[in-house]
Amino acid sequence: MRCVVYTGTGGREVVAIAERPDPVAGKFEVLVATRFAGLNPADVLQREARHPHQPGSPADIPGIEVAGTVVACGEAVTRWQEGDRVFGLVGGGGLADRVVAHEAHLARVPDTLDDREAAAVPEAFITAHDALVTRGRFVPGETVAVLGANGGVGTAAVQIAHALGGRVLAGVRSEQLRDRVAELGADEVDAPAAVLERGGIDVVLELAAQAEHVALALAGLAPNGRIVVVSGRPGAETAFAVRDLMARRATLVGTQLRPRPPEEKALIVTAFARSVVPMLADGRARPVIDRVYPLEEAADALDAIRAPGKLGKLLLATA
Ligand SMILES: NC(=O)c1ccc[n+]([C@@H]2O[C@H](COP(=O)([O-])OP(=O)(O)OC[C@H]3O[C@@H](n4cnc5c(N)ncnc54)[C@H](OP(=O)(O)O)[C@@H]3O)[C@@H](O)[C@H]2O)c1
């Protein structure tokens, strides 16, 4: 197989393209052939040794999501067979044209999505749904603030919240992208701090890795509101008035998908398959792709992840 490898820890100089033997699916795993792979901020953190791969996944091949066609099944696999189109989560090894995934961490790709579109879905839409609905306990009719709404997770969260009957306030710092985010279903789009100043917000999704957003979010929260911290830089700290948390009977909740136990990941993917895949199938939600890079340009693509002003996902063409 062809894959991206990290030859060490550091910057773009450790990014290489390698030929490796195809991985072999374990008992409950499938081997997926990919044409495109989704890139994520976690891939860059892993390059800097600040976000480790998961046990059982390749240590030096980044990539935390997969989409493609099943080409081999482990001996105990019951859910999938060769030829099935699947997408889902992996603990590492995703930036490759062959990827091993646990059978329970995959969902079926709807026919309405081509391979490129499917590759832009899993991490963004699974994270967004889990944060909004499972961690954020969103119910229809509530007001949701999505901070960092033009990113991969943000564009997914705006669409899911809109499709589920939420009023969506989108926090986007780039003025040029605000109309595009409104087209995804946001009712109001403004700078993140300005969105929070509107007040009366039931669920805040913090996707912009700005620790100070927590205190601002608390100030904008409705009674019984929830702040879901999906994103934070390693070591980042902030201060907020504990009394504000009490006065609003607020909930502050964090989430991290990658290190969760396999059983929990299976539940998260099942929830996504039940609630979000139907939206992708009937067009209520759609993958948003900013740019596709050839595999050979993986170092540039990884550098681009932290550049501001993207709408949606960056992908690598793996085959
Ligand atoms: N907890 C989890 O399990 C989990 C899962 C997936 C992702 N994440 C994290 O969630 C975050 C979003 O992921 P993603 O894939 O959507 O990343 P992304 O595509 O890079 O989006 C990041 C978003 O944050 C905004 N942003 C960055 N710096 C900002 C600032 N100083 N002020 C205002 N907005 C700012 C970006 O706006 P600009 O375009 O203007 O920079 C963009 O809208 C990342 O930090 C990622 O690591 C966590």
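Both counts, for ligands and for their atoms, begin at 1 and track the order of listing. The structure presented is a predicted model; accordingly, all values stated were derived computationally and were not measured. Numbers here simply count residues along the sequence, with the first being 1.
- Looking only at heavy atoms of the protein, atom 16 (O) of ligand 1 is closest to Val153 N, 2.8 Å.
- Nearest non-hydrogen protein atom to atom 19 (O) of ligand 1 is Gly152 N, 2.9 Å.
- The one candidate from Glu65, Arg291, Glu117 that meets the side-chain contact (heavy atoms from CB on, under 4.5 Å) condition with Lys313 is Glu65.
- With hydrogens left out, the protein atom closest to atom 44 (C) of ligand 1 is Ser231 OG, 3.6 Å, a heavy atom.
- Heavy-atom neighbours of Arg116 CZ from other residues, nucleotides or ligands within 6.0 Å: at or below the threshold of 12.
- From the protein, the heavy atom lying nearest to atom 21 (O) of ligand 1 is Gly151 CA, 3.4 Å.
- For ligand 1, the atoms sitting less than 4.0 Å from at least one non-hydrogen atom of Gly148 are 23 (C), 24 (O), 25 (C), 43 (O), numbered in the order shown with element in parentheses.
- Contact atoms of ligand 1 toward Gln256: 1 (N), 2 (C), 3 (O) (distance under 4.0 Å to a heavy atom of the residue).
- For the residue pair Arg258 / Gln46, a side-chain donor-acceptor distance below 3.5 Å is found, with atom types taken as modelled.
- More than 12 non-hydrogen atoms from other residues, nucleotides or ligands lie less than 6.0 angstrom from CZ of Arg284.
- By the neighbour-count criterion of 12 heavy atoms within 6.0 Å, atom CZ of Arg243 is sparsely surrounded, having that number or fewer from other residues, nucleotides or ligands.
- Nearest to atom 42 (C) of ligand 1 by heavy atom, out of Asn150, Leu45, Val44, is Asn150.
- For His162, the NE2 atom sits in a loose shell: 12 or fewer heavy atoms of surrounding residues, nucleotides or ligands are nearer than 6.0 Å.
- Nearest protein heavy-atom neighbour of atom 47 (O) of ligand 1: Pro41 CB, 3.4 Å.
- The proximity of Thr127 to ligand 1, defined as any non-hydrogen pair under 4.0 Å, is limited to the side chain.
- The distance from the CG atom of Leu218 to the CG atom of Leu252 is 8.0 Å, given to the nearest 0.5 Å.
- Annotation for ligand 1: atoms under 4.0 Å from non-hydrogen atoms of Leu257 are 2 (C), 3 (O).
- Residue Thr255 approaches ligand 1 through these ligand atoms, each under 4.0 Å from one of its heavy atoms: 1 (N), 2 (C).
- By the rule that hydrophobic residues join a cluster once side-chain heavy atoms approach within less than 4.5 Å of another member, Val229 and Ile126 end up as members of separate clusters.
- We find that Arg178 and Glu188 are not joined by a salt bridge, their nearest charged nitrogen and carboxylate oxygen being 4.0 Å or further apart.
- In this structure, of Arg173, Glu65, His51, the residue bringing a heavy atom nearest to atom 33 (C) of ligand 1 is Arg173.
- In this structure, atom 20 (O) of ligand 1 lies nearest to the protein heavy atom Ile305 O, 3.8 Å.
- Scanning the protein for heavy atoms near atom 35 (C) of ligand 1, the closest one is Ala208 CB, 3.6 Å.
- For atom 12 (C) of ligand 1, the nearest non-hydrogen atom from the set Leu207, Asp290, Val146 belongs to Leu207.
- Close approach of ligand 1 to Lys310 (heavy-atom distance below 4.0 Å) involves ligand atoms 39 (O).
- The Gln210 neighbourhood of ligand 1 comprises atoms 28 (N), 29 (C), 30 (C), 31 (N), 32 (N), with distances under 4.0 Å to a heavy atom of that residue.
- Atom 48 (C) of ligand 1 has Val230 O, 3.0 Å as its closest protein atom, hydrogens excluded (heavy atom only).
- In terms of hydrophobic clustering, with Ile, Leu, Val, Met, Phe, Trp and Tyr side chains grouped at heavy-atom distances under 4.5 Å, Phe28 and Val99 are assigned to different clusters.
- Atom CD of Glu13 has more than 12 heavy atoms from other residues, nucleotides or ligands within 6.0 Å.
- For Asp190 and Arg198, the salt-bridge test passes: some basic side-chain N is under 4.0 Å from an acidic carboxylate O.
- Proximity annotation for atom 5 (C) of ligand 1: of Gln176, Lys313, Glu123, Glu123 comes nearest, heavy atoms only.
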